[in-house]
Amino acid sequence: LNGVSTVDLVIIQRHILGIQPLTSPYKVIAADINNSGTINGLDLVELRKLILGIYVELPQNDSWRFPVEDQYFADQFLPFPFDESIDINNLRTDMSGQDFIGVKVGDVNASANANLTGTPVNTRNAKSLDIVVKDMGLIEGSIVTVPFYAKNMNDIVGFQSTMSYNNSVLEFVGINDSALDITEDNLGLQNLAGGYITLSWNSLNGVTLDQDRVLFEIDFMVKSSGNLSEQLFLSSALTSSEAYDSELNTINLGMSYEGIDMSDFVLYQNIPNPFAEETEIRFNLPGTSAVTFTVYDVEGREIIRRTSNYELGNHTILLNRAELNTTGVMYYKLETAYGTATRKMIQLR
């Protein structure tokens with residue numbers, strides 16, 4: 001997924017339809033997701049499966065391709081087949097200029113980090129897309145339909161995210177299309193057992209909607225009563241949470257609940273709980289604060305301790321098995337300028 005996101009789907013789709021052709025043979029090579037020598041709708045299907053986590057690697061292509069630099073392409077929009085090797089016979093002296101171009105398959109906007117030891121840097125526009133959900137009480141044994149709105153759906157061509165939910169309380173049933181053409185083809189459902197649904201949607205042109213329009217709806221079976229705001233949120237656990245405007249700028253994607261007093265400090269129950277490999281802890285701050293996060297076992301031994309500064313709003317901390325290096329009952333505590341809270345979590349053996 002290095003450099004690969006839903007915005008690449010938008011760019012490839014525009015190329016296929018001739019609206020905005022790719023500008024170099026190397027970008028065309030990057031767009032040939034299934035290694036067929038042509039760019040078509042099948043490439044979009046394969047790339048979306050990678051973004052959603054249905055694929056962990058492309059089944060018919062390599063992650064990187066290395067065409068020989070400066071080779072001649074009779075047609076830059078159809079550079080297939082291309083040379084990926086240099087043959088040298090009877091080498092007798094040093095030779096220079098034997099170079100290749102690294103092409104990250106799927107990354108048609110050239111955003112991949114090519115440094116093996118580097119940390120990817122996400123450059124995002126100051127704008128954001130804010131998804132809104134109305135909080136509701138959950139009644140055990142019922143099926144609840146959760147509508148998703150947007151405060152500022154203005155000229156948006158795509159978004160992607162991971163929907164994290166407490167799978168001991170909610171069970172995914174299905175998705176209902178509304179204002180956006182979102183179906184199960186836009187979802188990754190392979191991690192339902194862990195409480196994760198990945199989502200990737202894109203449009204050819206920018207979409208603007210009123211805030212009272214339902215973007216899409218998801219149906220859940222309620223296995224245990226509670227409040228929706230404590231059981232469901234967006235994160236970047238599997239698919240990075242971000243959106244894109246019509247100029248293909250990457251902007252922040254967030255989710256908030258109506259009916260919740262966001263002026264309060266709240267530490268939510270981790271999702272999923274119990275968990276096997278990883279879990280997410282979400283909290284809300286009514287303002288900027290230094291935050292100390294601590295995990296300790298039932299005997300009070302400290303396992304993790306971190307202190308960082310956070311801005312106003314919702315935040316998520318991701319914990320995994322290797323980091324915790326223990327199992328069983330644990331407690332996590334959050335100390336902020338607005339209060340301190342502690343909750344219990346369980347990691348399965």
Side-chain angles (χ1 to χ4, degrees), residues 5-7 9-10 13 48 51-52 127-139 141-167 169-189 192 195-223 225-246 251-262 268 271 282 284 313-314:
S5 70
T6 299
V7 74
L9 291 173
V10 177
Q13 187 179 26
R48 194 184 302 277
I51 293 167
L52 292 173
K127 297 190 300 181
S128 66
L129 173 61
D130 302 311
I131 303 296
V132 178
V133 174
K134 295 179 181 179
D135 193 24
M136 63 182 77
L138 303 174
I139 301 174
S142 66
I143 292 180
V144 62
T145 297
V146 180
F148 292 79
Y149 303 85
K151 283 183 180 178
N152 50 354
M153 187 79 175
N154 185 24
D155 203 26
I156 299 298
V157 296
F159 57 79
Q160 62 178 48
S161 189
T162 304
M163 191 172 296
S164 301
Y165 63 96
N166 190 341
N167 61 351
V169 174
L170 297 173
E171 179 181 334
F172 174 78
V173 175
I175 185 166
N176 306 313
D177 178 33
S178 291
L180 303 181
D181 186 20
I182 295 180
T183 68
E184 286 200 7
D185 290 337
N186 298 94
L187 304 181
L189 303 176
L192 293 178
Y196 296 112
I197 299 171
T198 51
L199 170 65
S200 169
W201 167 84
N202 64 280
S203 174
L204 188 61
N205 300 305
V207 175
T208 298
L209 294 172
D210 295 334
Q211 63 181 13
D212 60 347
R213 295 286 302 278
V214 177
L215 305 184
F216 60 94
E217 297 176 330
I218 292 186
D219 295 332
F220 290 98
M221 170 67 74
V222 180
K223 298 191 288 185
S225 298
N227 290 325
L228 181 65
S229 59
E230 296 184 358
Q231 315 300 336
L232 174 71
F233 60 98
L234 297 185
S235 74
S236 295
L238 300 178
T239 296
S240 180
S241 191
E242 57 191 43
Y244 320 96
D245 63 22
S246 63
I251 64 178
N252 290 315
L253 175 67
M255 190 179 93
S256 60
Y257 279 93
E258 288 186 349
I260 297 294
D261 186 354
M262 299 308 290
Y268 296 97
I271 295 177
R282 186 168 57 105
N284 179 74
N314 279 300

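Side chains included, hydrogens not; waters and symmetry mates left out as well; all remaining heavy atoms used. Just so it is clear, the model here is predicted, and its values are computed rather than measured.
One finds the OG1 atom of T208 at 8.0 Å from the CE atom of M153 (value rounded to the nearest 0.5 Å). To the nearest 0.5 Å, atoms CE (M255) and CG (D130) are separated by 11.5 Å. Note that the CG atom of N227 and the CG atom of L138 stand 7.0 Å from one another [nearest 0.5 Å]. Atom-to-atom distance recorded for L170:CG and M221:CE is 11.0 Å, nearest 0.5 angstrom. To the nearest 0.5 Å, atoms CD1 (I51) and OG (S200) are separated by 5.0 Å. Interatomic distance, CD1 of I251 versus CG of N154, reported as 9.0 Å (0.5 Å rounding).
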Yes or no on ring-ring contact (aromatic ring centres under 6.0 Å, His included) for F233 and Y268, after CA distance, side-chain angles and deciding distance? CA-CA 11 Å; F233 60 98; Y268 296 97; 7.9 Å; no
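For V144 against M136, the heavy-atom pair with the smallest separation is CG2-SD, 3.1 Å. Summarising the geometry of I156 relative to W201, their closest heavy-atom pair is O-CH2, 3.9 Å, with the distance given to 0.1 Å. Contact between S161 and L234 at its shortest, heavy atoms only, is OG-CB, 3.6 Å. When all heavy atoms of Y257 and K134 are compared, the closest pair comes out as CD2-C, 4.3 Å. Looking at every heavy atom in both residues, S164 comes nearest to S235 through OG-OG, 2.9 Å. Looking at every heavy atom in both residues, M163 comes nearest to L232 through CG-CD1, 3.4 Å.
Under the rule for a side-chain contact (heavy atoms from CB on, under 4.5 Å), the partners of L189 that lie at least two apart in sequence or sit in another chain are F172, E184, L187, L192, I197.
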N/O donor to acceptor pairs below 3.5 angstrom from side-chain atoms of residues 210-219, sequence neighbours left out:
residue	atom	partner	partner atom	Å
D219	OD1	T145	OG1	2.7
D219	OD1	N176	ND2	3.2
D219	OD2	N176	ND2	3.1

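Between the side chains of T6 and N202, no donor-acceptor pair is found at a separation under 3.5 Å.
Side-chain contact between N152 and L129 is present, with heavy atoms from C-beta onward closer than 4.5 Å.
S236 places a side-chain N or O within donor-acceptor distance of the main-chain N or O of S241, the cut-off being under 3.5 Å.
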